[in-house]
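Below: one structure, written as structure tokens.
Everything numeric here is computed off the predicted structure, so don't read it as measured data.
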Amino acid sequence: MVRLIKSLSFFCLVLATTQAQPSDDLSPPVLDTNGQALQRGLEYYILPEDNATGGGLTLVERKDSCPLYVGQKETSGSEGLFPVTFSPFVGEENIVRESHDFIVTFSAFTTCIQSTAWRVGESDPESGRRFIVTGGEPGFFRIDRNGTSYNLGWCPSMACPNCRLRCGFAGILIENGKRLLALDGPALPFVFKRA
């Protein structure tokens, strides 16, 4: 009986130890166009993988008023007007990892006198796609590998592990000639260039 209790105690100890190991170290880092890991606080331009699909991401006025939306420069091959910084959800993490939550913020000051951190905004009434806007409470986004490029998405499973989420990948929605970043449609593959 004592041997059975010792065996069960050892088994429980091994089980608890293996379950307590963080799996975060297994997720590969997101790489920039130079093959370097994206770092917390450094500035990057977010560009489409295929520069024939427009320029880099930038701030856009959707309704000629605040808040500002995340959009895309129309000119192919051009960087956005403003680089972004990433802040991983895990406080001590300095590298942006694939499928891990982070806050993304434009390195810019605006006339709206608001934060330039990204969040999920309202839905387009025609398509149902959700816009990415700035200001207000920042949202947690993620990056997932797509071949040689990456998809930007919203699915804050680390920030809210018990939430029922309507996750989605980001692509471009054209509205009145403006190229706006929106979830829930065709994903646009992106790359990250150090500013």
Measure the shortest side-chain to side-chain distance between Val70 and Val104 over non-hydrogen atoms and say whether it is less than 4.5 angstrom.
no
Same hydrophobic cluster for Leu181 and Ile143, using side-chain heavy-atom links shorter than 4.5 Å among ILVMFWY?
yes
So salt bridge (charged side-chain N to carboxylate O under 4.0 Å, His left out) across residues 43-54, not counting sequence neighbours, yields none
Which residues pass the ring pair (Phe, Tyr, Trp, His ring centres under 6.0 Å) test with Phe82, sequence neighbours left out?
none
Please tell me whether Phe86 and Phe89 are part of a single hydrophobic cluster in this structure, the criterion being side-chain heavy atoms less than 4.5 Å apart.
no
Could you check whether the rings of Phe106 and Trp118 sit parallel, tilted or perpendicular, using 30° and 60° as the cut-offs?
tilted
Once rounded to the nearest 0.5 Å, what's the spacing between atom CZ of Arg166 and atom CZ of Arg130?
4.0 Å
Decide yes or no for Leu173 and Phe131: does some side-chain heavy atom of the first lie under 4.5 Å from some side-chain heavy atom of the second?
yes
Is Lys178 reaching over with its side chain to a backbone N or O of Glu61, donor-acceptor style, under 3.5 angstrom?
yes
Would Leu81 end up clustered with Val191 when hydrophobic side chains under 4.5 Å apart are linked, directly or stepwise?
no
Please list all pairs passing the disulfide bond (SG atoms under 2.5 Å apart) test where one or both residues lie in residues 79-154, with sequence neighbours left out.
Cys66-Cys112
Where Asn151 and Pro189 come nearest, the two heavy atoms and their spacing:
OD1-CA, 3.8 Å
Nearest non-hydrogen partners of Pro48 and Gly54, listed with the distance:
CG-O, 3.2 Å
Can you hop from Val84 to Phe141 via hydrophobic side chains spaced under 4.5 Å?
yes
Any donor-acceptor N or O pair under 3.5 Å, side chains Arg194, Tyr44
no
Over all heavy atoms of both residues, which pair between His100 and Ser27 is shortest? Give the atoms and the distance, please.
NE2-OG, 3.0 Å
Evaluate the side-chain contact (heavy atoms from CB on, under 4.5 Å) criterion for residues Phe102 and Leu38: first the C-alpha distance (whole Å), next the side-chain angles of each, then the deciding distance (0.1 Å), finally the verdict.
CA-CA 12 Å; Phe102 61 83; Leu38 299 189; over 6 Å; no
Pro88 and Val96 have their tightest heavy-atom pair at CG-CG2, 4.3 Å
Taking C-beta and beyond as the side chain, do Arg119 and Val133 meet within less than 4.5 Å on heavy atoms?
yes
Is a side-chain N or O of Arg40 found less than 3.5 angstrom from the main chain of Gly91, in a donor-acceptor match?
yes
Nearest-0.5 Å distance, CG of residue Leu188 to CD1 of residue Ile172:
5.5 Å
Specify the closest pair of heavy atoms between Gly56 and Leu47, including all atoms of both residues, with the distance to one decimal.
CA-CD2, 3.7 Å
Which atom names give the shortest non-hydrogen contact between Ile103 and Pro138, and what distance separates them?
CG2-CB, 3.9 Å
Distance in Å, Glu98 CD paired with Tyr150 OH, rounded so as to fall on 0.5 Å steps
5.0 Å
Return the set of residues passing ring pair (Phe, Tyr, Trp, His ring centres under 6.0 Å) with Phe169 (not counting sequence neighbours), or none when no residue passes.
none
So CD of Glu122 and CZ of Arg129: to nearest 0.5 Å the spacing works out to 13.5 Å
Side chain of Glu175, backbone of Arg62: donor and acceptor closer than 3.5 Å?
no
Any chain of hydrophobic side-chain contacts (each under 4.5 Å) joining Ile174 to Val60?
no
Please tabulate, for side-chain N and O atoms in residues 153-160, each donor-acceptor pair with protein atoms closer than 3.5 Å (sequence neighbours left out).
{"from": "Trp154", "atom 1": "NE1", "to": "Phe140", "atom 2": "O", "distance (Å)": "3.4"}
{"from": "Ser157", "atom 1": "OG", "to": "Arg142", "atom 2": "NH1", "distance (Å)": "3.2"}

Nearest-0.5 Å distance that lies between atom CG in Leu59 and atom CG in Leu57:
10.0 Å
Would you check if the side chain of Thr134 reaches a backbone N or O of Leu68 as a donor-acceptor pair within less than 3.5 Å?
yes
For the OG atom of Ser107 and the CG atom of Leu42, what is their distance to the nearest 0.5 Å?
10.0 Å
Side chains of residues 28-36: which donor-acceptor partners sit under 3.5 Å, not counting sequence neighbours?
{"from": "Asp32", "atom 1": "OD1", "to": "Asn34", "atom 2": "N", "distance (Å)": "2.8"}
{"from": "Asp32", "atom 1": "OD1", "to": "Gly35", "atom 2": "N", "distance (Å)": "3.1"}
{"from": "Asp32", "atom 1": "OD1", "to": "Gln36", "atom 2": "N", "distance (Å)": "2.9"}

Within a radius of less than 6.0 Å around CD of Glu126, do more than 12 heavy atoms belonging to other residues, nucleotides or ligands occur?
no
